[in-house]
Colleague: 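Shown below is the structure under consideration.
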4 protein chains.
Amino acid sequence: MSFTQKTRTLTHEGALAVLNAALKRASETQAPQCIAVVDTGANLLAFVRMDQAKLVSIDSAIAKAITAATSGKATGQGSAEQEIKMAVVTRGRVTNIRGGVPLLVEGVVVGGIGVGSGTLDQDVDCAEAGAAALI
Amino acid sequence: MSFTQKTRTLTHEGALAVLNAALKRASETQAPQCIAVVDTGANLLAFVRMDQAKLVSIDSAIAKAITAATSGKATGQGSAEQEIKMAVVTRGRVTNIRGGVPLLVEGVVVGGIGVGSGTLDQDVDCAEAGAAALI
Amino acid sequence: MSFTQKTRTLTHEGALAVLNAALKRASETQAPQCIAVVDTGANLLAFVRMDQAKLVSIDSAIAKAITAATSGKATGQGSAEQEIKMAVVTRGRVTNIRGGVPLLVEGVVVGGIGVGSGTLDQDVDCAEAGAAALI
Amino acid sequence: MSFTQKTRTLTHEGALAVLNAALKRASETQAPQCIAVVDTGANLLAFVRMDQAKLVSIDSAIAKAITAATSGKATGQGSAEQEIKMAVVTRGRVTNIRGGVPLLVEGVVVGGIGVGSGTLDQDVDCAEAGAAALI
């Protein structure tokens, strides 16, 4: 019987690399964003809210990051009804809104990035630019 | 690098002018309302619940005001599915129910007014009467 | 009657300058920290949790930043009894734990930084190093 | 057996008279305040946050008003330990911080006013000025 297993954990330097890559992308595309990075324990690692980004996207960016980190999949892919039920039962910690992308290192999920305030396409584009910093 | 930017903030005199204009309109149309005014930081500035207005509209009036103040747009214009997701992820702080109107001074959003308890048309009419007090 | 007043708002570049100065200080002193920066509306602007920093300090760092930003004073200076009452009544958004410092630009409060996970002295030292980035 | 009893209910005109009297007092004494009026059902009737009043006093003003309205007594008179327990068990809806005063009409409690952001003495003084509007 094995009592423990080895896992990979995202460092804060890794989280900031993701955050800064997403921030750079949002600045280049002139789409102000809220950007959140969380670990696989669903706990916040790094965050920035850009000038002119929507206040209410603080919550959605974090929820997108948590959803991607804990499911290992980009947000917005499930059935709408099932996902809304999950959003309600988790009191908003989980969301199906697009803009959440898992963070992978050598094929292992180590966290998630969530981006909100732009159009859904802008959010996804920015989140993917952030996730690419780890590759 | 710039550390700060200049902005406009709604005063409490401005907020009360909005509140009183909406209250006057609701009285004239005999549609009792809950009326809320918030700043762009989503924090309450002024509120009144009129006789016979619905208790549950306390929450909806505040959420409508927050949504309008932070999006800069009247509530009720987005896709229903997307807006329900935003309502859940913000734990009810955001709503897509009509009756929220941004407050503008010289073209700058300085807050929002939210009105609830009447019909949706009455709510919008009353909120717009409030917002007009700043012009 | 005046409807608006002019104010200064902290930019995300300002918030990141504060965050990075605090992060540098925490690295130099080998005291891993949670570091939060908020605006005067009590809304999160920037955040990082360093490797080995305590998870529970995510909440305390944010609360310290909110308390300093909205009071204009460093945390931990009031009477213990009064401050515990304020913590309860604000549902934990306000705290009297040391490590929150207001952010000032030309004498005007534009936000707050909150640091948690080290000793109280380390938290204060790190928060002050962050705040100094704006001067 | 009697199935119902007659009660007195504070109107919104009564609530606004209380609010405005407190607002006038706060302006005269140059102590910016958050002022809340609630009914005996613990539900918000009227509210204003003055310029420069503390954001975190939104919550404390409402809690003070609720505490006074539902206990029929001014806040801050019980044993500290018991009151902190009540504050925690009500999740911050009840508070023992001074500045809450019951609203009475012909000896009957019809609501409460809560004031916060000044010194405790300023808060009580302002709340009493508001309550006096009903006499």
Side-chain angles (χ1 to χ4, degrees), chain B residues 1-22 24 36-46 59 62 65-72 89-94 101-113 129-135, chain C residues 1-22 24 36-46 59 62 65-72 89-94 101-113 129-135:
Chain B
M1 185 154 53
S2 87
F3 290 150
T4 60
Q5 53 189 359
K6 287 188 181 167
T7 49
R8 274 175 186 280
T9 305
L10 188 60
T11 62
H12 73 264
E13 288 185 342
L16 289 174
V18 169
L19 194 81
N20 287 325
K24 183 165 176 285
V37 179
V38 305
D39 61 23
T40 52
N43 296 302
L44 194 61
L45 271 170
D59 287 337
I62 294 173
I66 288 174
T67 307
T70 57
S71 70
V89 86
T90 59
R91 296 165 185 78
R93 290 177 82 207
V94 162
V101 171
L103 299 174
L104 293 110
V105 172
E106 294 175 20
V108 178
V109 179
V110 295
I113 177 172
L134 293 186
I135 299 172
Chain C
M1 185 156 53
S2 87
F3 290 150
T4 60
Q5 54 188 359
K6 286 188 181 166
T7 48
R8 274 175 186 279
T9 306
L10 187 61
T11 62
H12 73 264
E13 288 185 343
L16 289 174
V18 170
L19 193 81
N20 286 326
K24 183 165 175 284
V37 180
V38 306
D39 62 23
T40 53
N43 296 302
L44 193 61
L45 270 171
D59 287 337
I62 294 173
I66 289 174
T67 306
T70 57
S71 70
V89 87
T90 59
R91 296 165 185 80
R93 289 177 84 208
V94 162
V101 170
L103 299 173
L104 292 111
V105 173
E106 294 176 19
V108 179
V109 179
V110 295
I113 179 173
L134 294 185
I135 299 171

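Note that the structure is a prediction, hence the values are computed from the model and not measured. Every chain is numbered from 1 and lettered A, B, ... according to where its sequence line falls, protein lines coming before strand lines.
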Colleague: What option among C:R8, C:E106, C:Q5 has the most heavy-atom pairs under 4.5 Å with chain B?
Modeller: C:Q5

Colleague: Between the side chain of B:T4 and the main-chain N/O of C:L10, is any donor-acceptor distance below 3.5 Å?
Modeller: no

Colleague: If I compare all heavy atoms of C:A17 with all of B:F3, which pair ends up nearest, and what's the gap?
Modeller: CB-CE2, 3.7 Å

Colleague: With a 4.5 angstrom heavy-atom cut-off, is it the side chain or the backbone of C:A133 that approaches chain B, or both, or neither?
Modeller: backbone

